[in-house]
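In what follows, a structure is listed as structure tokens, so that the remarks can point back to it.
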Amino acid sequence: MEKTGWKKVRLGIGIGGLILMPVISYTLFEWVTGNLGTVDPVCAVINILLMGCLYLAVFAVTGRSRIAVPAASLLLFALSLGETFVMEFRGRPIMPADFMALETAMSVAGNYVYTVSREMILSGVCLILLNAGLFFCPVRLPWWKIHLGFACGAAAVICGGLTWLVKGPVEDGTFGINMWDLNSSYETEGFIFSTFLAGTYLVKERPEGYSEQRLEEIYRQWSGAGGSDADTAEAGNGTGEGGAVQEESVIPVNIICIMNESFSDLREAGVFETNQEVLPYFDSLKETAITGSLYVPVFGAGTSNSEFEFLVGDAMALMAPGTTAYQFNITDGEGTLVSTLKEQGYETVALHPYPGENWNRNACYEDMGFDRFLEWEYFEDCPLTRCYVGDLANYQKMVQVLEEKEDPSDRMFLFNVTMQNHGGYDVVYDNYDQQVYLTGELEGKYPMADQYLSLMKTSDEALQWLLTYLEGLEEPTMVVMFGDHQPSVEDGFYYEISGLSEKTVTSEESLIWYETPYLIWTNYGLEQQDLGDMSAFYLAPEMLRLAGLETTPYQNFLLAMKEELPVIHGRGCLDGDGTYYSLDSAKADEQFADWLRDYDSLVYNHSYGRSTLQKLFHLDGGE
């Protein structure tokens, strides 16, 4: 009798533990991330219920609390650690698309310093003790029919609850996240619920006015196949600013595009002093090359989204919020800058001194049609700057590709993504001589910014070597370089040099953190032009125009739209006069509404459409 009574007590404790573990997991999770006191009470309950769904699902599948409790609790604990470290390193929470890039994250994880907090230690100890205690109070579903019935019931409860949540409070706007100020949303709505909400944004709805008929009209207008107005003719025949340059212009044999990791001119973000000039050579090029500011879609991380805008031409501001395009939106035969150049006789080669699996590049580059992708194995004998291949060694390997051409006059397109300036500025390296540091009131205050600025000086010297080498080539050569995003250094540095406040900064003011420099240079002389500041997706069409090459109907459309809205960004738009509009207000403005409506349709067809109108994005019709 006593033994039976003890079994009932243990069973009751086990059932109680199963019910209470979601509450405990939520408390420990947000305690570790530092948001326990900021989450809205209603959202806290939803987070607990979502965690409860996880516990219920694992228990329904396994039928054993001895598996369900440790599996769910330790998974959530590991996720809380990951979220805390990711926030510390890049200042942005983990998003659903980030799980698709886990391999990329793990490949650079060893280059950061991890600080284990008191909350992490105590939470880990608490979970160990709870799991140990509940191990001796097991709950088990006997007999397969009971197990099956419970699993079916659990599935119905979970699916019904999640469906109600999405179709009810989420769709009617009661809950949502600010995709352009993610941190505040995660602080008030909790990680699990915010991540759930972000997942609902991964699918893009068909834009207003989207139809195959309208796409055909856009094609006819911007292909020059039936358009009669002057702007259309100029865009299509290469005589005006919207199309290719004059027939007499030199067409480069070699086109080199460099997306330089974290390359930026932080003088655009504020005022500070250093012990020496950071970018003296780049500054000198403003007299002989075309330079300006590029507005990129990401800050501090998310390299592949800037790369996507440049190569593909689709604005991330019009993609499903929170997505990583390289994980979801590249398909075989995609019409991109790569295909535009291949269709004009260029061999296309991508280079990246890191594993090709990062950001799914190996698959994306194959789908884009690159002839070759030279990744880590090609660079593994290069000396390292800190823990990455330095820009100088990277460029030396890149020019080897040019030197190995059988016929120097053969056309070649090189697309190079560098690694030297990647994050991890909090580590001091014996193999890197840091030359630049902040002076004045900022001296010694921001060591991560100091290291980053020194890396910019190193990049500047490497760029000088590259252009000096290319200047000696007989073959006409064009170089386009830009930064993928500003660096993830101390937040305090950005606020102090800009004079902005974290609590009051507006979307318009924050655009300064999404600017990186761009450069267009040739070894045959380039007529000075003021292309102005622009979004990253305009840079490739502008390059093609300056190179005297053909542009697709889509690229013609982009060149023409640039005259009206040179900057289209999730944080706002800038017109040709530099006037700021929020994205929603630009869509509503009669001057820009048609442009943005058509662009939204083109982006949808290009990156989401089941039947892409290939002739919009290819010179040869996509055949």
Side-chain angles (χ1 to χ4, degrees), residues 1-32 36 39 41-83 96 99 102 120-170 190-193 195-197 199-200:
M1 186 73 179
E2 184 178 345
K3 187 175 181 181
T4 302
W6 173 236
K7 287 180 66 176
K8 290 182 178 179
V9 170
R10 287 196 299 156
L11 180 61
I13 294 173
I15 294 173
L18 270 174
I19 295 171
L20 288 176
M21 279 306 296
V23 179
I24 295 169
S25 285
Y26 163 76
T27 304
L28 296 179
F29 193 112
E30 298 299 349
W31 188 45
V32 168
L36 186 59
V39 179
V42 174
C43 292
V45 172
I46 296 174
N47 276 274
I48 291 169
L49 291 174
L50 289 173
M51 291 184 182
C53 288
L54 174 63
Y55 278 92
L56 181 58
V58 180
F59 180 68
V61 170
T62 64
R64 297 168 181 262
S65 65
R66 282 179 171 175
I67 298 175
V69 171
S73 63
L74 294 178
L75 174 62
L76 290 169
F77 178 61
L79 192 55
S80 71
L81 298 181
E83 166 68 359
F99 293 104
L102 183 61
M120 293 177 184
I121 295 173
L122 292 178
S123 295
V125 171
C126 180
L127 283 177
I128 291 172
L129 294 175
L130 283 169
N131 275 286
L134 290 175
F135 182 83
F136 294 102
C137 301
V139 179
R140 181 176 179 181
L141 295 175
W143 198 35
W144 69 269
K145 288 187 177 180
I146 295 177
H147 189 170
L148 179 61
F150 184 89
C152 292
V157 169
I158 293 171
C159 292
L162 295 180
T163 300
W164 171 83
L165 184 60
V166 172
K167 297 297 183 181
V170 173
F191 177 84
I192 297 297
F193 187 32
T195 304
F196 174 81
L197 290 171
T200 66

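Just so we're clear, the structure is a prediction, and the values are computed from it rather than from any experiment.
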Rounding to 0.5 Å, atoms CE (Met51) and CG (Leu75) come to a distance of 10.0 Å
Donor-acceptor pair, side chain of Ser80 and main chain of Phe77, under 3.5 angstrom: yes
Quick check on ring-ring contact (aromatic ring centres under 6.0 Å, His included): which of Trp144, Phe59, Trp143 does Phe150 satisfy it with? Phe59
To the nearest 0.5 Å, what is the distance between CG on Asn131 and CG on Leu74? 5.5 Å
How long is the span from the SG atom in Cys53 to the CD1 atom in Ile192, to the nearest 0.5 Å? 11.0 Å
Rounded to the nearest 0.5 angstrom, the CG-CD1 distance for Leu20 and Ile13 is 11.5 Å
Are Leu28 and Cys126 packed together at the side-chain level, in the sense that at least one heavy-atom pair is separated by less than 4.5 angstrom? yes
Quick one: does any side-chain atom of Glu83 pair with a main-chain N or O of Glu30 as donor and acceptor, under 3.5 Å? no
Please assess Leu122 against Trp31 for the test side-chain contact (heavy atoms from CB on, under 4.5 Å), listing each intermediate value before the final yes or no. CA-CA 10 Å; Leu122 292 178; Trp31 188 45; 3.8 Å; yes
Between CD1 on residue Ile158 and CG on residue Leu54, distance to nearest 0.5 Å: 8.5 Å
How long is the span from the CZ atom in Phe191 to the CG atom in Leu76, to the nearest 0.5 Å? 9.5 Å
Minimum-distance pair of heavy atoms, taken over all atoms of Ala151 and Ala60: CB-O, 3.7 Å
Do side-chain atoms of Arg64 reach the backbone of Arg140 as a donor and acceptor pair under 3.5 angstrom? no
